[in-house]
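What follows is a short report on a single structure.
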Amino acid sequence: MLEQRLFVNARFHTLWAPEPQVQAVLTRGERIVAVGSREELSAHSIGGTETIDLDGATVIPGLTDAHIHTANLAREMAALDLRGTASLEEALERVRVYSDDLPAGSWVFGGRWDFNAWAVPVQPNRQALDAVTGSRPAALPSIDGHTVWANSAALAAVGIFSSTPHPVGGEIVRDTHGEPTGILRESAGGKLVDIMHSAEAGDLGAQLLEAQKRLLAVGLTGVHDFDGEDALASYLGMRESGQLEIRVHKAIPMTALDRAIDEGRATGDGDAWLRTGPVKLFSDGALGSHSCHMNAPFPGEGGNTGIEVIPYEDLRELVRRAAGAGIGVATHAIGDRANELVLDAYADLARNPLDPPPSMLRTATKLRHRIEHAQHLRPKDIARIAQLGVIPSMQPTHCTTDIPLASTLLASRNLASYAWRSLLDAGAVPAFGSDAPVEHPDPMYGIHAAVTRQNSNHEPDGGWQPGECVTLIEAIEAFTAGAAFASGEEAHKGRLRPGMLADFTALAADPFTATTSDLRDIAVQSTTVGGVVRYRRDH
Ligand SMILES: [Zn+2]
C-alpha cells in the first residue's frame with residue numbers, strides 16, 4: 001500500500017490554471033492525488049495519512065535545472081577554486097597553497113579562472129604555473145571551461161610540444177618562439193580534460209552524493225545533466241542502491257553516441273528518476289574565450305570569427321543519425337553563426353524526412369531538439385527557433401555575468417542576445433538552467449537574473465537590455481514546466497496538479513510578493529521529491 005501524505009501550512013502556487021493557489025497537497029506514493037484546502041483534503045485522507053507541516057512556506061513546483069554538469073560540479077566541490085580572484089598573482093598564490101597540500105604525484109585540478117576579471121586581463125602561461133607547482137602536473141580550466149591552462153608537466157604528460165600540430169577544432173597557443181604557452185583552446189585541451197574526468201580526480205560516486213545534497217538544498221528536484229558516461233554509471237549505481245533522490249535526465253556525450261545507438265538507447269527511455277536524454281553536440285566555443293562562432297570577427301583580432309567545432313556537413317549528418325535512432329539532439333551554440341548553422345541542420349532534418357520514417361521508431365515523433373545556450377542570435381533566427389519547435393535551453397546568469405563582455409565584444413552588432421522575452425513572444429518554450437559549475441547552481445539566482453537582467457550587485461540600473469526581461473511567472477515556468485516540456489515530461493512534472501509527480505520546492509518567502517531585487521536571497525526551506533521531503537533547512 002502506497003504511503004499517503006498531507007502537506008499543510010503552506011501557500012502553494014500550483015502554476016495550474018484551475019486552482020492557482022491552494023493551502024494543501026495530498027500525495028500517494030510518488031504522485032499528487034489532490035490539491036485544495038486542508039479541510040477538503042482531510043476528508044479524502046485515509047487512515048494512516050502522515051501530515052507534513054511546511055512551516056508557513058511558499059511552495060512552487062519542483063525546480064529543474066535544464067542544463068547542468070553535475071559531475072564537474074561534484075569534482076569541483078572537492079578541487080581548487082580560482083573564482084573570485086582579482087589578479088594573476090592572487091590566483092597563483094591559491095594554486096601554490098592548494099598544490100603544497102596534495103599528496104606526491106597527484107594532479108592539480110580545478111580552476112575556473114577568469115582572466116577578464118583580473119587587474120591585468122592577460123592570458124596566463126605555463127611558466128607562471130610551473131613556479132608554484134614544480135614538477136606536479138596541473139591542468140586548470142577557465143571559468144567557461146573552453147580553455148585549459150596547463151603547466152609544463154601536464155603538457156608533457158599528454159605529449160604537447162612545439163612540434164605538435166593544432167588538432168581539428170582547437171588551438172595550441174604558442175609564443176614567438178613557437179613554444180606552447182600552456183593555453184589550450186577547445187579540443188586542444190581535450191586530453192587533459194579526459195584526465196581531469198578520470199579516476200585521477202577521485203571517487204565520482206561519493207562526490208555525486210555530496211553534490212546531490214547541495215542541489216536539493218538550493219531547491220532543485222531534477223536536473224538535465226550534460227556530463228559524461230561516468231556520471232551515468234554513478235547515477236545507475238545510486239538508483240540501484242536507493243540513494244538517488246533527485247530526478248536525472250541524462251544527456252549522452254557526442255563521443256558515446258555510437259555506443260548509445262548500438263545499445264538501443266533512445267531519448268525518454270528509463271523511469272521517472274533516471275532517463276536517457278538527448279545527445280550533446282558542440283557547434284562552437286564560448287564568448288569569454290573568444291571562440292564562439294560569429295558572423296563578424298571579434299574587434300582587433302585579425303579576422304577571428306571564433307571556432308566552428310563541428311563542420312556543418314558533419315553536424316547535419318550527426319543530427320540525422322541521432323534522430324534516426326530516436327535520440328534527441330541538444331547542440332551547444334553561442335555565436336550567431338553557430339546558432340544559424342544549428343538551425344539549418346534542424347531545418348534540414350524537418351525538410352528531409354528520415355528513412356525509416358519516424359513513425360517506425362519508438363520515440364522519434366516526440367523528440368524535441370534543443371539549442372544549449374542560444375546566446376547571440378540574428379533577429380530573424382528567433383522566429384525560426386519557434387517555427388521549428390526547437391527548445392532554447394538558456395542560462396539567465398550567463399547573461400548577467402557576461403554583461404561587461406557582451407557590451408564591449410559585441411557592441412553595435414545587430415544581435416538578439418539572451419533574448420528570452422523575444423523567444424517567448426515568438427512562441428518558443430524556453431527551458432532555464434545554470435550551467436553549473438560555470439555559474440552557481442542556485443535557481444533563485446537564475447530567476448532573479450531572468451526577471452531583472454541585473455547581476456548580484458543589482459547592476460546595471462534598470463537591467464541590461466531590459467526589453468528582454470521576463471516576468472516572475474515566466475521565469476519560474478522556464479525552470480519547471482519549460483524544463484519538463486524540453487524533456488518530454490510535461491504530463492508528469494512542472495505543475496502541482498492531481499496525477500503529477502509530487503515534486504515541490506518550499507521557499508521561506510513568497511517570490512510573488514517580494515521585491516524583485518530580493519529574489520536572489522529567498523532561502524529554500526525544504527525540497528520534496530516524489531512525495532518525500534529530501535532536504536529541510538536547519539532552523
Ligand atoms: Zn554546459
Side-chain angles (χ1 to χ4, degrees), residues 64-77 83 110-112 114 141-148 169 185-187 189-190 193-194 196-197 208 211 215 220 222-232 235 248-257 277-289 291-293 306-307 309-310 328-335 338-339 342 369-376 390-402 405 418 430-443 445-446 449 478-479 482-483 486-487:
T64 292
D65 190 320
H67 185 118
I68 185 167
H69 301 262
T70 57
N72 287 352
L73 178 73
R75 290 187 185 101
E76 287 201 8
M77 285 167 61
R83 271 171 292 208
R112 298 287 168 189
D114 180 6
S142 59
I143 182 81
D144 61 23
H146 289 263
T147 300
V148 174
R185 296 193 203 282
E186 303 301 332
S187 70
V193 171
D194 288 346
M196 235 173 261
H197 294 174
L208 274 173
L215 298 174
L220 290 168
V223 292
H224 297 182
D225 178 80
F226 282 88
D227 273 334
E229 296 279 279
D230 50 353
L232 172 62
Y235 282 126
V248 181
H249 189 60
K250 183 68 197 77
I252 302 162
M254 189 169 96
T255 48
L257 178 60
V279 64
K280 168 86 177 286
L281 305 180
F282 276 90
S283 74
D284 69 345
L287 184 62
S289 294
S291 56
C292 59
H293 194 197
I307 296 180
V309 173
I310 305 176
V329 180
T331 312
H332 166 114
I334 305 260
N339 277 284
V342 174
H369 304 302
R370 322 168 30 145
I371 297 184
E372 302 308 307
H373 312 307
Q375 281 181 5
H376 309 289
V390 170
I391 306 294
S393 164
M394 305 176 80
Q395 301 75 37
T397 47
H398 275 333
C399 167
T400 50
T401 298
D402 284 355
L405 210 56
Y418 318 94
F432 282 168
S434 69
D435 205 13
V438 179
E439 304 284 351
H440 195 285
D442 190 335
Y445 290 11
F479 272 106
S487 60

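Atoms within each ligand, like the ligands themselves, are counted from 1 in listed order.
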Taking the inter-plane angle between the rings of Phe432 and Phe479 on a 0 to 90° scale, is it parallel (under 30°), tilted (30 to 60°) or perpendicular (over 60°)? perpendicular
Compare all side-chain heavy atoms of Ile143 with those of Arg83 and state whether any distance is below 4.5 angstrom. yes
Classify the ring geometry between Tyr418 and His376 as parallel (under 30°), tilted (30 to 60°) or perpendicular (over 60°). perpendicular
Please verify the inter-ring angle class for His332 with His146; under 30° counts as parallel, over 60° as perpendicular, anything in between as tilted. tilted
Checking Lys250, His69, His67 against Asp225 for side chain to side chain donor-acceptor pair (under 3.5 Å), the one that qualifies is Lys250
Min side-chain heavy-atom separation His398-Val438 under 4.5 Å: yes
Take the Zn ion (ligand 1) and tell me which protein N, O or S atoms are nearer than 2.8 Å. His67 NE2, His69 NE2, Asp435 OD1
